[in-house]
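What follows is one structure encoded as structure tokens, with my remarks underneath.
Residue numbers start at 1 and run along the sequence shown.
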Amino acid sequence: MEEYKSKLQSEAMDFLCEAMLSLKTKEECYRFFDDICTINEIKALEQRLQVAKMLKNKRTYLDIAAATGASTATISRVNRCLNYGSDGYNIVLERLKGDSEE
């Protein structure tokens with residue numbers, strides 16, 4: 001498998017990825033995200049992942065907007081990433097399948 005090259009790739013981004021991969025528990029994740037992100041940044045990430053999960057479960061834009069508060073622009077962007085992006089959402093959602101059903 002060919003190594004993925006991201007437009008975000010840098011030494012600093014590599015360090016951030018390694019930091020995230022070093023976390024071992026949900027509590028460690030909460031502590032790290034509490035320190036590194038603002039509440040709004042965390043909520044935006046949380047919302048996008050919920051939108052992706054709901055899109056994969058064939059929910060409509062209206063249902064998703066009502067349930068998550070996401071704008072149709074955000075839902076559309078996430079949908080575009082699911083279908084034409086780097087497969088990041090798909091990798092995570094496949095690995096988490098069954099862990100957190102709606």
With sequence neighbours left out, write down each residue that passes side chain to side chain donor-acceptor pair (under 3.5 Å) with Asp34, or none if nothing qualifies.
-> none

Drop me the distance from Ile75's CD1 to Gln47's CD, to the nearest 0.5 angstrom.
-> 8.0 Å

Between the main-chain N or O of Lys5 and the side-chain N or O of Gln9, is there a donor-acceptor pair closer than 3.5 Å?
-> no

Those residues that, when tested against Glu41, pass salt bridge (charged side-chain N to carboxylate O under 4.0 Å, His left out) (two or more places apart) | none

All side chain to side chain donor-acceptor pair (under 3.5 Å) counterparts of Asn83, not counting sequence neighbours = Asn79

For Lys43, enumerate each residue passing the salt bridge (charged side-chain N to carboxylate O under 4.0 Å, His left out) test, keeping only those at least two apart in sequence or located in another chain.
-> Glu46

Partner set under salt bridge (charged side-chain N to carboxylate O under 4.0 Å, His left out) for Arg31, not counting sequence neighbours = Glu27

Would you find a donor on one side and an acceptor on the other, under 3.5 Å apart, between the side chain of Ser86 and the backbone of Gly88?
-> no

Report, one line per pair, each donor and acceptor closer than 3.5 Å where one atom sits in a side chain of residues 10-22; sequence neighbours left out.
residue : atom : partner : partner atom : Å
Ser10   : OG   : Ala12   : N            : 3.4
Ser10   : OG   : Met13   : N            : 3.0
Ser22   : OG   : Ala19   : O            : 2.6

Cluster check Leu8, Ile36: I/L/V/M/F/W/Y, side chain < 4.5 angstrom = yes

Sequence neighbours excluded, every pair satisfying salt bridge (charged side-chain N to carboxylate O under 4.0 Å, His left out) that has a member inside residues 60-88 | Arg59-Asp63

Side-chain contact test, heavy atoms from C-beta onward, threshold under 4.5 Å: evaluate it for Ile64 versus Gln50 and give yes or no.
-> no

Same cluster or not: are Val92 and Leu23 linked, directly or through other Ile, Leu, Val, Met, Phe, Trp or Tyr residues, by side-chain heavy atoms under 4.5 angstrom apart?
-> no

Cluster companions of Leu45 among Ile, Leu, Val, Met, Phe, Trp, Tyr (side-chain spacing under 4.5 Å) = none

Heavy-atom check, side chain of Asn57 versus side chain of Lys53, under 4.5 Å | yes

Heavy-atom closest pair, residues Ser76 and Tyr61 | CA-OH, 3.5 Å

Shared hydrophobic cluster, Tyr30 / Phe33 (ILVMFWY, side-chain heavy atoms < 4.5 Å) = no

The complete set of side chain to side chain donor-acceptor pair (under 3.5 Å) pairs with one or both residues in residues 64-74, sequence neighbours excluded, reads Ser71-Thr74

Taking only residues two or more places apart in sequence, or in another chain, which ones meet Lys58 in a side-chain contact (heavy atoms from CB on, under 4.5 Å)?
-> none

Closest heavy-atom pair and its distance - Ile42, Cys37 = CG1-CB, 3.4 Å

